[in-house]
Amino acid sequence: MRQYDVIVIGGGLAGLLAAAAARKSADKVLVLQKGVGAIAVGGGSIDVLGYGTDGRLLPGPQAGLAMLTAPEHPYSKIGACLVAEGLYFFSELTAKAGYPYGGSLSTRGWLVTALGTLKPSAFFPRSMDASALGTAPEIAVLGFNEMKDFYPELVVQGLKQRLGTNKKYRIIRIPSGLAAGRDVNSLDIARNLDHPANRQALALQLKRTLPAGTAIVLPPVLGTKPDYEALIQLEQETGCVFIEAAGLPPAVTGLRLQSLLINHLRDEGVEIMEQADVTGALVEDGVCRAVYTDNFDRRRTYGARAFVLATGGFYGGGLLAGIETVTEPIFHLPVRTAPRDEWGSESLLPEDGQPFAKTGIAVDASLRPVNAAGDIQLNNLYIAGRNLAGYDNCMEKSGNGVAVASGYYAGKLAGEVRA
Ligand SMILES: Cc1cc2nc3c(=O)[nH]c(=O)nc-3n(C[C@H](O)[C@H](O)[C@H](O)COP(=O)(O)OP(=O)(O)OC[C@H]3O[C@@H](n4cnc5c(N)ncnc54)[C@H](O)[C@@H]3O)c2cc1C
């Protein structure tokens with residue numbers, strides 16, 4: 001059996017942050033991940049808390065955290081100071097990696113979606129910052145001919161509704177420059193724009209039609225790497241402001257963040273094992289001694305002093321829904337759900353969230369799993385991310401914020417466990 005200080009199960013945003021935080025005080029950290037997380041489809045913005053539990057737009061993330069009253073919410077368990085510490089840790093990490101995120105806890109930022117709506121967020125790549133839409137006299141929405149998932153007309157329609165018709169709006173469509181006869185997606189175009197010469201050609205095309213100072217909304221295509229080289233070059237060569245839209249899988253902005261975090265972990269000597277499906281655990285006297293993976297050839301066992309469970313919710317595979325029950329498949333932890341006939345609210349978007357979305361593992365103030373009576377189930381296991389009970393990330397706009405804050409806190413606690 002291979003022995004580690006900390007083992008993180010799950011390689012989504014919560015798991016990667018947990019590993020980074022654990023590594024600060026633990027030497028041997030291992031990430032076991034079955035697949036990639038929601039970050040690859042969900043985008044790289046860190047939405048902390050856009051809307052309150054009554055559905056009202058909050059003045060800003062920090063003010064929203066102070067107004068949060070739900071005791072079961074992960075942020076209430078973690079506490080506002082540690083949430084802020086986790087988000088600061090994240091921001092520092094992006095800055096050190098040369099891809100500093102914009103935004104802050106005190107002010108609400110806005111992102112444009114591929115539907116032309118505006119979404120509140122807290123921390124985001126600078127290329128997604130939509131604040132220039134308020135000041136630019138002219139807005140252009142750029143589409144690529146062979147790309148089917150981004151409709152500039154829809155974006156313009158949405159923006160007119162929200163920003164008014166006083167501004168000048170334009171739609172620009174250009175060939176993607178990729179092989180004709182096939183559909184292309186944002187990742188194809190981003191790969192193409194990894195090359196400075198292709199960016200220069202795009203800048204020349206845009207300069208011919210758009211005056212300097214135009215805010216250009218486009219799909220997330222400004223390169224695949226976690227840097228701002230494409231953004232800087234295009235802005236310098238056109239004099240325009242570029243704004244990448246959110247919510248368009250494959251989420252190039254999320255993939256950039258994923259590479260940044262993986263590069264950081266590898267530099268720090270964290271081991272990352274991919275296609276490692278954790279299927280069970282060895283537990284003695286309320287302590288987890290090891291977990292095991294089952295592959296086609298054989299079972300492998302990995303021991304550690306502390307573990308972080310960051311396997312996601314229904315999407316990631318951390319929670320499994322049956323007809324009547326929801327289960328957690330590795331440790332068989334108790335899962336907190338609403339009574340079966342109350343899983344779904346009749347209203348599609350109820351202000352206080354959908355009950356099924358709040359399904360998850362209940363925890364104590366140290367993120368250790370508890371049962372309905374509040375008894376800790378395993379002393380050296382910490383829960384992080386989408387498998388936590390008590391929040392509806394879609395309604396609140398809090399998904400990646402909870403992943404960062406709980407991942408950081410769970411990793412920090414796990415790293416501090418001594419034999
Ligand atoms: C389509 C979509 C769009 C979204 N958009 C946004 C957004 O714009 N802003 C925002 O803030 N949030 C957004 N979210 C929510 C946000 O992405 C998630 O809440 C957050 O990323 C969850 O991270 P996680 O690490 O907890 O879980 P996941 O990202 O689900 O990661 C779980 C990880 O655990 C692994 N795993 C599962 N079971 C096992 C096992 N048995 N063994 C080993 N590994 C296992 C998975 O392979 C994966 O690596 C979006 C989510 C989706 C699905």
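Numbering of ligands and ligand atoms starts at 1, following listing order.
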Shortest protein contact, atom 23 (O) of ligand 1 (heavy atom only) | Ala403 CB, 4.0 Å
Taking heavy atoms and a distance under 4.0 Å, where does Val36 meet ligand 1: side chain, backbone, both or neither?
-> backbone
Could you go step by step and tell me if Asp188 and Glu146 meet the side chain to side chain contact (heavy atoms under 4.5 Å, CB included) rule?
-> CA-CA 11 Å; Asp188 294 314; Glu146 297 82 7; over 6 Å; no
Any N/O of Ile46 closer than 3.5 Å to an N/O of ligand 1?
-> no
Could you tell me whether a side-chain N or O of Arg199 sits under 3.5 Å from a main-chain N or O of Asp194, the two making a donor and an acceptor?
-> yes
Answer yes or no for Ala246: is there a heavy-atom contact with ligand 1 below 4.0 Å?
-> no
Decide whether an N or O pair under 3.5 Å exists between Arg386 and ligand 1.
-> yes
What do you reckon, are the aromatic ring centroids of Phe331 and Phe307 less than 6.0 Å apart?
-> no
Compute the shortest N/O to N/O distance between Val41 and ligand 1 and return yes if it is under 3.5 Å, no if not.
-> no
Where ligand 1 meets Ile330 - atom numbers and elements under 4.0 angstrom, heavy-atom basis | 41 (N)
Option of least heavy-atom distance to atom 45 (C) of ligand 1 (set: Lys34, Met128, Gln258, Lys397) | Lys34
Val241 versus Thr214: any side-chain heavy-atom pair under 4.5 Å?
-> no
Please identify which atoms of ligand 1 are closer than 4.0 Å to at least one heavy atom of Gly10.
-> 33 (C), 34 (O), 35 (C)
So is there a nitrogen or oxygen of Ala14 less than 3.5 Å from a nitrogen or oxygen in ligand 1?
-> yes
Do ligand 1 and Val278 have nitrogen or oxygen atoms that lie under 3.5 Å from each other?
-> yes
Do any N/O atoms on Gly318 end up under 3.5 angstrom from N/O atoms on ligand 1?
-> no
For this output row, return yes or no: ring centroids of Tyr408 and Phe89 closer than 6.0 angstrom.
-> yes
Looking only at distance, does Asn400 have an N or O less than 3.5 Å from an N or O of ligand 1?
-> yes
Close-contact set for ligand 1 against Ser45 heavy atoms, below 4.0 Å | 8 (O), 9 (N), 10 (C), 11 (O)
Measure the shortest side-chain to side-chain distance between Val252 and Val221 over non-hydrogen atoms and say whether it is less than 4.5 angstrom.
-> no
Any N or O on Gly385 sitting closer than 3.5 Å to an N or O of ligand 1?
-> no
Would you please test Glu271 and Arg2 for salt bridge (charged side-chain N to carboxylate O under 4.0 Å, His left out) and show each step?
-> CA-CA 12 Å; Glu271 254 183 79; Arg2 287 157 78 174; 3.2 Å; yes
Element-labelled atoms of ligand 1 that are located less than 4.0 Å from some non-hydrogen atom of Ala276 | 42 (N), 43 (C)
Regarding Arg386 and the six-membered ring of Tyr391, is the cationic atom NZ or CZ under 6.0 Å from the ring centre and inside 45° of its axis?
-> yes
Just need the protein heavy atom nearest to atom 29 (O) of ligand 1, so name the residue and atom and give the distance.
-> Ala38 N, 2.7 Å
May I ask you to say whether Lys77 pairs ionically with Glu72, meaning some side-chain N is under 4.0 Å from a carboxylate O?
-> yes
Does the side chain of Arg368 reach to within under 4.5 Å of the side chain of Tyr382, using non-hydrogen atoms?
-> yes
Per-atom contacts of ligand 1 with Gly42, taking only distances under 4.0 Å to non-hydrogen atoms = 2 (C), 3 (C), 4 (C), 5 (N), 6 (C), 7 (C), 8 (O)
Quick one: which of Ala310, Ala122, Gly316 has a heavy atom closest to atom 33 (C) of ligand 1?
-> Ala310
Quick one: do Asp5 and Lys28 satisfy salt bridge (charged side-chain N to carboxylate O under 4.0 Å, His left out)? Show the steps, please.
-> CA-CA 5 Å; Asp5 297 326; Lys28 286 192 77 184; over 6 Å; no
Side chain, backbone, both or neither: the part of Leu32 lying under 4.0 Å from ligand 1 by heavy atom = backbone
Identity and distance of the protein heavy atom lying nearest atom 27 (O) of ligand 1 | Gly312 CA, 3.4 Å
Does Gly35, backbone or side chain, put an N or O under 3.5 Å from an N or O of ligand 1?
-> yes
the protein heavy atom lying closest to atom 14 (N) of ligand 1 turns out to be Asn393 ND2, 4.1 Å
Under the salt bridge (charged side-chain N to carboxylate O under 4.0 Å, His left out) criterion, do Arg299 and Asp294 qualify, and how do the steps go?
-> CA-CA 5 Å; Arg299 174 166 287 188; Asp294 280 306; 2.9 Å; yes
Shortest non-hydrogen contact between Lys225 and Arg256, atoms and distance | O-CD, 3.3 Å
Report yes or no: does a heavy atom of Lys119 sit under 4.0 Å from some atom of ligand 1?
-> yes
Does some side-chain heavy atom of Glu328 sit less than 4.5 Å from a side-chain heavy atom of Leu309?
-> yes
Atom indices of ligand 1, in the order listed, that fall short of 4.0 Å to a heavy atom of Gly12 = 25 (O), 29 (O), 31 (O), 33 (C), 49 (O)
Ligand-residue contact atoms, ligand 1 with Asp277, heavy atoms, under 4.0 Å = 40 (C), 41 (N), 42 (N)
Ser127 and Glu244 side chains, donor-acceptor separation under 3.5 Å | yes
Can you check whether Asp47 has an N/O within less than 3.5 Å of an N/O in ligand 1?
-> yes
With no hydrogens and no angle check, is any side-chain donor or acceptor of Lys167 less than 3.5 Å from a backbone partner on Gly134?
-> yes
